[in-house]
Amino acid sequence: MVVTRFAPSPTGYLHLGNARTAIFSYLFARHYKGKFILRVEDTDLERSTKEYEKLLIDDLRWLGLEWDEFYRQSDRFDIYREYAQKLVKLGHAYECFCTPQELEEERERARTKGIPYRYSGKCRVLTKEEVETFKKEGKPYTIRFRVPDGETIVFEDLVKGHIAINVDDFGDFVIVRSDGTPTYNFVVVVDDALMGVTHIVRGEDHIPNTPKQILIYRALSFQVPKFAHLPVILGEDRSKLSKRHGAVSVRHYREEGYLPQALFNYLCLLGWSPKEEGKEIFSKEELISVFELKDVNDSPAVFSKEKLRWMNGVYIREVLSVEELTNYVEPFLRKAKYEFDRGYLVKVLERARDSFETLSEAPEKLEPFFVDHMELSQEAKSILENVKAQDILKFVLDNTSDSISGQKIKEIAKAAQKQLQVKPKDFWHVLRAALTGRLEGIGIDVLCDVLPKERFTKRIQRILELYQ
RNA sequence: GCCCCCAUCGUCUAGCCAGGUCUAGGACACCGCCCUUUCAAGGCGGAGAUCGCGGGUUCAAAUCCCGCUGGGGGUGCCA
């Protein structure tokens, strides 16, 4: 059975790159009817917080991800301790009493000499007695993994292909810190092995870690899983997408009024394209059925907010049902202090869902449906100051019966043009200015179909009074 | 510095593995036209890539091989 996992560390908001990794990992597992695990990697107690963990989980759920199992590494320290001891006992790891200062000096020396740094291995050769003495003295120590000399680790990456790295490139690395907490490269192996993870899907920045981890798999006689290293997501300047590119968290896009379905869909298209050419809009279910790791592109992709925006618009205007859309739009309008009942909003959206691309634009674009005492733009004012404006508006009021609709207003327009000798354009301009306070925006016939007659009349009367 | 990864329109990409059908296809953005009471949306059309560069292999290379250049990532008692 295929088992994948997403293993974020709760040290900040969920990053778009991580979100995509989670999605690919999830899709791959679901495609093969396997298991998807969420594992919070909080071994770095300094930087990890419960608050971020909560936000992380919340954003993952919002995106539409569900997991079959959940783990938190800070709950598993006993397990790691046990395996660290095992590695020491097997001779694959050893206690290291070097101080941070000593190590910094080693590093500095390598730098000045211009040679690549790796740990000297000073504590490799400590005798049992020396180790015991140091421990008794209370000297702090780390545990390092003993990297065998000269070996080349080879693995077939599911997206990158053949990768070979010589382990001489790095020295013996720390697997347990001096405060007793285990490090990433170690726990990730123990957990993935114990949890039965078969396919490790993660960012390509982890490629250099992979040989270290393979070494640990072997030392512990665990079966080595398959690896799939995803290319990173780039910012406009083609460097790794990060805070300095502006908004990079899922949370941000969520608050900006992007739909989870659209973000999910868009992220999938960054570095992956379906066999079926041309198709870009996919539901989660469709993605599950067509997604294959082998179709993932091996070159990095630039994140395009423009295209995300477009796709969000597609979801708003044609993919979601009106009911679903209503659920997403409502909070944004409530926040703008608009008053309405749900049924009215449904009617509005049935007709005007094609007027905005993000939910945060909805209050402004939909204002004509909700606000009777709107501000008048300069252009609208100058239109309404025109003498003909009064005639047109009076004519409209006089000819409005007990109800108003798009069809009716068009009939009135024709009659007005004939009787008052006004051009169609002028008629509509005046009416638009009076009804919406602006000269651009939603179709007046659409507005008339949705807006109750009393509000329609009220708005015109208000303008009539203002400009008489 | 050292190690690793990558390279098709501005951007996301198809094609590359099994070389000819590619005068390189699609999408976003851009431009124009149409629709129209405005802005959008929508429809139609346009512009945009000597397939990073240089060698090779071949009758034939975006596709295979080598080198270079460029970009990215890693080089922690972060993950």
Side-chain angles (χ1 to χ4, degrees), chain A residues 7-11 18 41-44 46-48 73 96 98-100 103-104 107 110-111 113-118 140-144 157 159-161 163-166 168-170 173-179 181-185 187-188 202-211 229 231-232 234 236-240 266 269-275 277-281 297-311 313 317-318 352-357 365 379 409-410 413 423-433 436 438-445:
Chain A
S9 49
T11 55
N18 288 138
E41 308 224 321
D42 55 352
T43 55
D44 183 354
E46 295 282 312
R47 300 196 304 144
S48 304
Q73 288 185 327
C96 169
C98 294
T99 64
L103 295 172
E104 187 43 49
R107 220 165 285 152
R111 243 196 307 272
K113 279 190 193 163
I115 54 171
Y117 170 74
R118 43 180 291 199
Y141 64 94
T142 60
I143 296 179
R144 284 183 185 270
D157 191 275
V159 344
K160 296 283 183 181
I163 295 179
I165 296 176
N166 192 297
D168 285 345
D169 295 339
F170 45 86
F173 54 91
V174 172
I175 60 173
V176 177
R177 300 184 187 94
S178 53
D179 66 358
T181 59
T183 63
Y184 166 74
N185 278 121
V187 291
V188 77
R202 62 184 10 169
E204 72 175 337
D205 43 340
H206 284 288
I207 290 178
N209 288 324
T210 308
H229 287 99
V232 292
L234 272 25
E236 300 287 349
D237 63 353
R238 303 202 72 88
S239 68
K240 192 173 168 182
Y266 175 72
L269 260 29
L270 268 191
W272 172 85
S273 68
K275 277 273 148 279
E277 244 188 278
K279 188 171 159 81
E280 292 198 297
I281 304 299
N297 220 115
D298 50 9
S299 60
V302 174
F303 175 76
S304 163
K305 193 171 178 173
E306 276 300 327
K307 186 144 188 181
L308 203 213
R309 238 187 113 68
W310 164 79
M311 189 169 282
R317 76 181 86 93
E318 37 188 271
R353 61 191 296 183
D354 58 359
S355 59
F356 53 99
E357 279 188 314
K365 301 288 187 186
E379 298 79 17
I409 198 67
K410 281 178 185 168
K423 290 184 201 140
K425 198 165 212 162
D426 294 331
F427 174 87
W428 290 110
H429 260 103
V430 168
L431 190 58
R432 170 177 299 282
T436 72
R438 302 181 235 164
L439 255 37
E440 84 295 319
I442 202 77
I444 295 303
D445 57 331

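From a predicted model like this one, the values you see are computed outputs, not experimental measurements. A, B, ... follow the sequence lines: proteins, then strands. Residue 1 opens every chain. FYI, side chains are in, hydrogens and waters are out, and symmetry mates aren't considered; it's all heavy atoms of this structure.
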**Asked** For the side chain of A/Y117, counting heavy atoms from C-beta on, which of B/rC4, B/rC77, B/rG76 is nearest?
**Response** B/rG76

**Request:** Using a heavy-atom cut-off of under 4.0 Å over every strand shown, decide if A/L103 touches base, sugar-phosphate, or nothing.
**Result:** base

**Asked** What interatomic distance, in whole Å, is found between P of B/rU11 and the corresponding atom of B/rC77?
**Response** 38 Å

**Prompt:** Would you say the base of B/rC77 and the side-chain of A/T183 have a donor-acceptor pair closer than 3.5 Å?
**Reply:** no

**Asked** Applying a 3.5 Å limit to both distances, which nucleotide forms a Watson-Crick or G-U wobble pair with B/rC30?
**Response** B/rG46

**Fill in**
Closest of B/rG74, B/rC12, B/rC6 to the A/K160 side chain is B/rC6

**Message:** Side-chain N or O of A/R118 versus OP1/OP2 of B/rG74: is the shortest distance under 4.0 Å?
**Reply:** no

**Nucleotide paired to B/rC77 in any strand shown, Watson-Crick or G-U, under 3.5 Å** = none

**Asked** Which residue lies toward the 5' end of RNA chain B, A/S178 or A/S304, if each is placed at its nearest nucleotide?
**Response** A/S304

**Message:** Between C1' on B/rU38 and CG on A/L431, what's the gap in Å once rounded to a whole number?
**Reply:** 12 Å

**Message:** Looking at A/R317 and A/R353, would you say the former's side chain and the latter's main chain have a donor-acceptor pair under 3.5 Å?
**Reply:** no

**Request:** Round to the nearest Å and state the distance from A/F303 atom CZ to B/rC28 atom P.
**Result:** 17 Å

**Prompt:** Which one is paired to B/rG52, where only Watson-Crick or G-U wobble pairs with both distances under 3.5 angstrom count?
**Reply:** B/rC68

**Asked** A/W428 stacking on B/rU37: centroids under 5.5 Å, ring planes under 30°?
**Response** yes

**Request:** Please evaluate the base of B/rA27 for a donor-acceptor partner in the side chain of A/K307 within a cut-off of under 3.5 Å?
**Result:** yes

**Message:** I'd like to know if the side chain of A/T436 reaches the main chain of A/R438, judged simply by a donor and an acceptor atom lying under 3.5 Å from each other, with no hydrogens or angles considered.
**Reply:** yes

**Between B/rU36 (C1') and A/D445 (CG): distance, integer Å** = 10 Å

**Item:** A/T183 and A/N185: side chain donor to acceptor below 3.5 Å
**Value:** no

**Request:** Tell me which nucleotide among B/rG74, B/rA79, B/rC77 gets nearest to the side chain of A/P100.
**Result:** B/rC77

**Message:** Would you say A/R238 places a side-chain N or O within less than 4.0 Å of OP1 or OP2 belonging to B/rG70?
**Reply:** no

**Asked** How close or far is atom P of B/rC6 from atom NE2 of A/H229, stated in whole angstroms?
**Response** 13 Å

**Distance, rounded to the nearest Å, where A/K275 contributes NZ and B/rG26 contributes P** = 18 Å

**Message:** To the closest 0.5 Å, what do you measure between SG (A/C98) and CG (A/L103)?
**Reply:** 5.0 Å

**Request:** For B/rG74, take OP1 and OP2 only and decide whether either is under 4.0 Å from a side-chain N or O of A/K240.
**Result:** yes

**Prompt:** Can you check whether A/I442's main-chain N or O pairs, donor with acceptor, with A/R432's side chain at less than 3.5 Å?
**Reply:** yes

**Asked** Within the modelled atom types, does a donor on one side and an acceptor on the other bring the side chain of A/N185 and the base of B/rA79 under 3.5 Å apart?
**Response** no

**Asked** Across the strands shown, which category fits A/G271 at heavy-atom distances under 4.0 angstrom: base, sugar-phosphate, nothing?
**Response** sugar-phosphate

**Request:** Ignoring backbone atoms, establish whether A/R111 has a side-chain N or O less than 4.0 Å from OP1 or OP2 of B/rC2.
**Result:** no

**Asked** So what does A/R432 hit on the nucleic acid, given a heavy-atom distance under 4.0 Å: a base, only sugar-phosphate, or nothing?
**Response** base

**Item:** Distance in Å, A/I175 CD1 paired with A/I143 CD1, rounded so as to fall on 0.5 Å steps
**Value:** 6.0 Å

**Prompt:** Once you round it to whole Å, what is the distance between C1' of B/rC39 and CD1 of A/I442?
**Reply:** 9 Å

**Asked** Looking for any heavy atom pair under 4.0 Å, which part of the strands does A/S299 touch: base, sugar-phosphate only, or nothing?
**Response** sugar-phosphate

**Message:** Measuring only the P atom in each nucleotide, how far is B/rG26 from B/rG46? A whole number of Å is fine.
**Reply:** 10 Å

**Request:** With the side chain of A/W310 defined as its heavy atoms from C-beta on, choose the nearest nucleotide among B/rG72, B/rC5, B/rA29.
**Result:** B/rA29

**Asked** What nucleic acid atoms does A/H429 come within less than 4.0 Å of, heavy atoms only: base, sugar-phosphate, or nothing?
**Response** nothing

**Request:** Give a yes/no on whether any side-chain N or O of A/N297 is located under 4.0 angstrom from OP1 or OP2 of B/rA14.
**Result:** yes

**Message:** Please report the distance, rounded to the nearest Å, between CG in A/N166 and P in B/rC3.
**Reply:** 10 Å

**Message:** Return whichever of A/E204 or A/E236 has its heavy-atom-nearest nucleotide of RNA chain B closer to the 5' end.
**Reply:** A/E204

**Message:** Can you tell me if A/K279 touches the phosphate of B/rU13, counting only side-chain N or O atoms and a distance under 4.0 Å to OP1 or OP2?
**Reply:** no

**Prompt:** Where the side chain of A/R107 meets the backbone of A/Y117, is there a donor-acceptor pair that is under 3.5 Å apart?
**Reply:** no

**Asked** Taking atom C1' of B/rU37 as reference, at what distance in whole Å does atom CG of A/L439 sit?
**Response** 10 Å

**Pair partner, B/rU37 [Watson-Crick or wobble, under 3.5 Å]** = none

**Asked** Under 4.0 angstrom, heavy atoms only, what part of the nucleic acid is A/T11 near: base, sugar-phosphate, or nothing?
**Response** nothing

**Item:** Separation between the C1' atoms of B/rA62 and B/rA41, rounded to whole Å
**Value:** 37 Å

**Complete:** When every non-hydrogen atom of A/E357 is compared with those of A/W310, the smallest separation belongs to OE2-CA, 3.7 Å

